[in-house]
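So the structure is just underneath, and the comments pick up after that.
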Amino acid sequence: MKKLMAFVLMLVCVLGLAGCSGRTATVWNWAKNVKQEDINAVTPWSDGNTLEPLDDTETLELITLLNKLTKDSFIENKELSGGTPTFGIQIDIASNTYNINDSIHPNGALEMNYNEKQWLINDEDLLSFIQKVAGVTPTE
């Protein structure tokens, strides 16, 4: 009887964890797992002007930069503090659109919304790439 109860309890725990896995998706796991075939288009923008979508080579460069991001690259912006962005990229994946844009927050050069939370992103290579495709001159 104890073995049966232990088995039932284990089964409930496994099923419960499996059911919650989609709700606890993390932004760093999303970034780590983006593939070129997932992306429909990546469109840079600057000062309210939409620019030409990235070509395949630029999209692959973006994916490489996203894939190398780690948990430490992201900080949740719990205060939702920031300003009006001036440049960024829009990534269209299946039924989702993700925006990564500049941030004036002191803890992150970039920001994005993911899973109903705002995240600051600290990665100089990604920042430089987005500035380049958006036609923005880096400031010191």
Side-chain angles (χ1 to χ4, degrees):
M1 184 68 162
K2 287 183 182 179
K3 286 183 181 180
L4 178 60
M5 289 184 66
F7 177 75
V8 169
L9 180 60
M10 180 187 72
L11 187 60
V12 167
C13 289
V14 168
L15 292 175
L17 289 173
C20 294
S21 63
R23 289 180 279 165
T24 59
T26 59
V27 66
W28 50 90
N29 281 332
W30 169 81
K32 180 175 64 174
N33 292 305
V34 172
K35 297 177 204 65
Q36 190 150 10
E37 58 267 14
D38 298 335
I39 296 179
N40 297 326
V42 179
T43 308
W45 57 271
S46 178
D47 294 322
N49 297 313
T50 301
L51 305 171
E52 289 294 316
L54 301 187
D55 63 27
D56 288 345
T57 302
E58 292 168 321
T59 301
L60 186 56
E61 185 177 350
L62 171 64
I63 291 165
T64 301
L65 292 168
L66 290 173
N67 289 169
K68 78 174 190 104
L69 296 177
T70 66
K71 181 178 181 179
D72 293 335
S73 304
F74 296 90
I75 299 170
E76 184 179 352
N77 184 358
K78 292 180 181 179
E79 305 85 28
L80 301 177
S81 59
T84 303
T86 58
F87 68 90
I89 57 173
Q90 184 175 67
I91 306 169
D92 293 318
I93 298 179
S95 62
N96 293 315
T97 300
Y98 300 101
N99 292 291
I100 301 176
N101 52 263
D102 64 313
S103 171
I104 63 166
H105 195 285
N107 292 330
L110 297 166
E111 65 186 11
M112 77 176 288
N113 288 320
Y114 182 84
N115 206 15
E116 299 180 17
K117 294 181 182 179
Q118 188 179 65
W119 295 94
L120 301 169
I121 306 170
N122 288 302
D123 187 83
E124 287 299 317
D125 294 335
L126 181 60
L127 173 62
S128 294
F129 174 80
I130 293 174
Q131 288 172 324
K132 178 181 76 172
V133 298
V136 174
T137 304
T139 57
E140 296 296 322

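Starting from 1, each residue takes its place in the sequence as its number.
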Quick one: closest heavy-atom pair of Gly88 and Ala134, and the distance? O-CB, 4.4 Å
Interatomic distance, Glu37 atom CD to Ile63 atom CD1 [nearest 0.5 angstrom]: 8.0 Å
Please give the remaining members of the hydrophobic cluster of Ile104, linking ILVMFWY side chains under 4.5 Å, ordered by chain and number. none
Identify whether Leu120 and Ile91 are in the same connected component of the hydrophobic contact network (ILVMFWY, side-chain heavy atoms under 4.5 Å). no
Are Ile39 and Trp45 connected in a single hydrophobic cluster, I mean Ile/Leu/Val/Met/Phe/Trp/Tyr linked by side-chain heavy atoms less than 4.5 Å apart? no
Specify the closest pair of heavy atoms between Phe87 and Asn101, including all atoms of both residues, with the distance to one decimal. O-CB, 3.2 Å
Gap separating the CG atom of Leu80 from the NE2 atom of His105, nearest 0.5 angstrom: 9.5 Å
CD/Glu116: more than 12 non-hydrogen atoms of other groups inside 6.0 Å: no
When you compare the side chain of Asp56 with that of Gln36, does any pair of heavy atoms fall below 4.5 Å? yes
Does any part of the side chain of Trp30, heavy atoms only, come nearer than 4.5 Å to the side chain of Asn96, both counted from C-beta? no
Interatomic distance, CD1@Ile100 vs CG@Leu110, rounded to 0.5 Å, equals 7.0 Å
Quick one: are Lys32 and Leu69 in side-chain contact, heavy atoms under 4.5 Å? no
Any heavy-atom pair between the side chains of Lys132 and Glu61 that's under 4.5 Å? yes
Does the Asp125 side chain pair with the main chain of Leu65, one donor and one acceptor, at a distance under 3.5 Å? no
Glu79, CD: over 12 other non-hydrogen atoms inside 6.0 angstrom: yes
Nearest heavy atoms of Thr57 and Asp55, plus distance in Å: N-OD1, 3.1 Å
Would a 4.5 Å heavy-atom cut-off, applied to side chains only, mark Leu66 and Leu126 as touching? yes
Heavy-atom pair of closest approach, residues Glu111 and Gly83: OE2-O, 4.5 Å
Report yes if some heavy atom in the side chain of Lys68 is under 4.5 Å from a heavy atom in the side chain of Asp123; otherwise report no. yes
Verdict with supporting geometry, Thr137 and Gln131, side-chain contact (heavy atoms from CB on, under 4.5 Å): CA-CA 7 Å; Thr137 304; Gln131 288 172 324; over 6 Å; no
What distance do Lys71 atom NZ and Asn29 atom CG have between them, rounded to the nearest 0.5 Å? 10.0 Å
Is there a side-chain contact (heavy atoms from CB on, under 4.5 Å) between Ile121 and Met112 once you walk through the steps? CA-CA 8 Å; Ile121 306 170; Met112 77 176 288; 4.0 Å; yes
Check for a donor-acceptor pair, side chain of Asn115 on one end and backbone N or O of Val27 on the other, with a separation under 3.5 Å. no
Heavy atoms, side chains only, cut-off 4.5 Å: are Val133 and Leu51 in contact? no
Between Asp102 and Thr86, is any side-chain donor less than 3.5 angstrom from a side-chain acceptor? yes
As an exercise, state the distance from OG1 of Thr43 to CG of Leu54, rounded to the nearest 0.5 Å. 7.0 Å
Side chains of Pro44 and Ile130: does their closest heavy-atom pair fall under 4.5 Å? no
Quick check for you: to the nearest 0.5 Å, what is the distance between Ile75 atom CD1 and Trp119 atom CH2? 10.0 Å
